[in-house]
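Taking it in order: structure first as structure tokens, then the write-up.
By convention here, the first residue in the shown sequence is residue 1. Atom set for the values below is all heavy atoms of this structure, side chains included, hydrogens, waters and symmetry mates excluded.
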Amino acid sequence: VQLQASGGGLAQAGGSLRLSCVNSRRTFSNNAVGWFRQAPGKDREFVATIQWNAANTYYADSVKGRYTISRDNAKNTVYLQMINLEPEDTAVYYCAVHVAGSYYSSKSYRYWGRGTLVTVSS
């Protein structure tokens with residue numbers, strides 16, 4: 001079982017993109033879902049997580065105020081709205097299902113799928 005991230009592309013600094021994360025095979029409506037990103041030559045880093053009922057969301061300091069995570073459980077889809085993009089946001093973005101442990105650690109997540117590339121030009 002894997003999640004499918006989409007919506008990446010090329011954007012100019014200050015622009016916006018919306019990423020989607022879909023699982024067409026299995027519902028994850030009872031799990032938190034998170035977004036991570038990995039820039040070339042860097043470790044994968046936490047971006048945002050949303051609890052199963054959307055009661056709470058969590059963000060990396062670097063994206064607070066610019067990114068918004070949301071979900072539609074009826075569609076098995078989690079979104080990441082990104083505005084005011086910066087060149088430093090350039091990375092492959094991944095989504096995954098939280099299974100246990102800290103929301104901020106990639107070790108707490110499973111069902112990683114192929115990511116979607118976001119490139120921000122200055």
Side-chain angles (χ1 to χ4, degrees):
V1 176
Q2 290 185 327
L3 304 183
Q4 180 62 51
S6 63
L10 178 62
Q12 291 188 335
S16 62
L17 287 171
R18 189 178 81 156
L19 307 183
S20 297
C21 172
V22 179
N23 184 346
S24 60
R25 294 188 178 183
R26 171 178 173 172
T27 180
F28 50 74
S29 59
N30 293 327
N31 295 83
V33 174
W35 285 95
F36 287 73
R37 66 186 182 186
Q38 187 166 17
K42 295 187 176 181
D43 293 333
R44 188 169 298 186
E45 65 174 0
F46 170 78
V47 174
T49 287
I50 185 167
Q51 289 185 331
W52 71 273
N53 59 357
N56 290 292
T57 55
Y58 306 85
Y59 296 93
D61 289 342
S62 59
V63 306
K64 280 181 182 177
R66 300 189 299 119
Y67 288 17
T68 302
I69 189 170
S70 61
R71 67 189 297 165
D72 184 339
N73 286 338
K75 296 181 179 180
N76 283 341
T77 303
V78 173
Y79 304 98
L80 186 68
Q81 178 68 52
M82 308 183 295
I83 65 171
N84 294 331
L85 285 165
E86 304 170 351
E88 293 75 20
D89 296 320
T90 295
V92 177
Y93 285 69
Y94 301 89
C95 58
V97 177
H98 177 264
V99 293
S102 170
Y103 287 137
Y104 300 95
S105 172
S106 61
K107 296 179 181 180
S108 302
Y109 294 77
R110 287 186 185 175
Y111 310 118
W112 299 87
R114 293 183 178 180
T116 185
L117 177 62
V118 171
T119 303
V120 183
S121 62
S122 58

**Request:** Take Q81 and S16 through the test side-chain contact (heavy atoms from CB on, under 4.5 Å) and record every step on the way to the result.
**Result:** CA-CA 8 Å; Q81 178 68 52; S16 62; 4.1 Å; yes

Is a side-chain N or O of [X] found less than 3.5 angstrom from the main chain of [Y], in a donor-acceptor match?
X   : Y   : answer
T77 : K75 : yes
T90 : P87 : yes
N31 : H98 : yes
S20 : S6  : no

Would you say the side chain of [Y] lies within less than 4.5 Å of the side chain of [X], judging by non-hydrogen atoms?
X    : Y    : value
E86  : V120 : no
V78  : I69  : yes
T49  : V33  : no
V47  : L80  : yes
W112 : C95  : no

By the definition ring-ring contact (aromatic ring centres under 6.0 Å, His included), identify the one residue from Y104, Y67, Y109, Y58 that meets it with F46.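 Per the ring-ring contact (aromatic ring centres under 6.0 Å, His included) rule, the option paired with F46 is Y104, out of Y104, Y67, Y109, Y58.
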
Enclosure of Q12 CD (heavy-atom neighbours >12, cutoff 6.0 Å):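 No, not enclosed.
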
dist Q38:CD -> E45:CD (nearest 0.5 Å) comes out at 9.5 Å

Rounded to the nearest 0.5 Å, what's the gap from OG on S102 to NZ on K107? Could you check?
->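 Spacing of OG (S102) from NZ (K107) equals 11.0 Å.
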
Next on the checklist: Are V22 and F36 linked, directly or through intermediate hydrophobic residues, by side-chain heavy-atom contacts shorter than 4.5 Å (ILVMFWY only)?
Outcome noted: no

With clusters defined by side-chain heavy atoms of hydrophobic residues (ILVMFWY) lying less than 4.5 Å apart, directly or transitively, does W52 cluster with V97?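 Per the 4.5 Å side-chain linkage, V97 and W52 are not co-clustered.
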
For the student: nearest non-hydrogen atoms of [X] and [Y], plus distance:
X    : Y    : answer
G7   : T116 : N-OG1, 3.9 Å
L117 : A91  : CD1-O, 3.6 Å
G65  : I83  : O-CD1, 4.4 Å
D89  : Y93  : O-OH, 2.7 Å

*asked:* Whether R37 engages the ring of Y94 as a cation-pi pair (distance to the six-membered ring centre under 6.0 angstrom, angle to the ring normal within 45°) should be assessed.
replied: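 Relative to the ring axis of Y94, which defines the angle, R37 lies outside at least one limit.
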
Margin query: Here's one to test your reading of the geometry: is the NZ or CZ of R71 within 45 degrees of the ring axis of Y79 and under 6.0 Å from its centre?
Written below: no

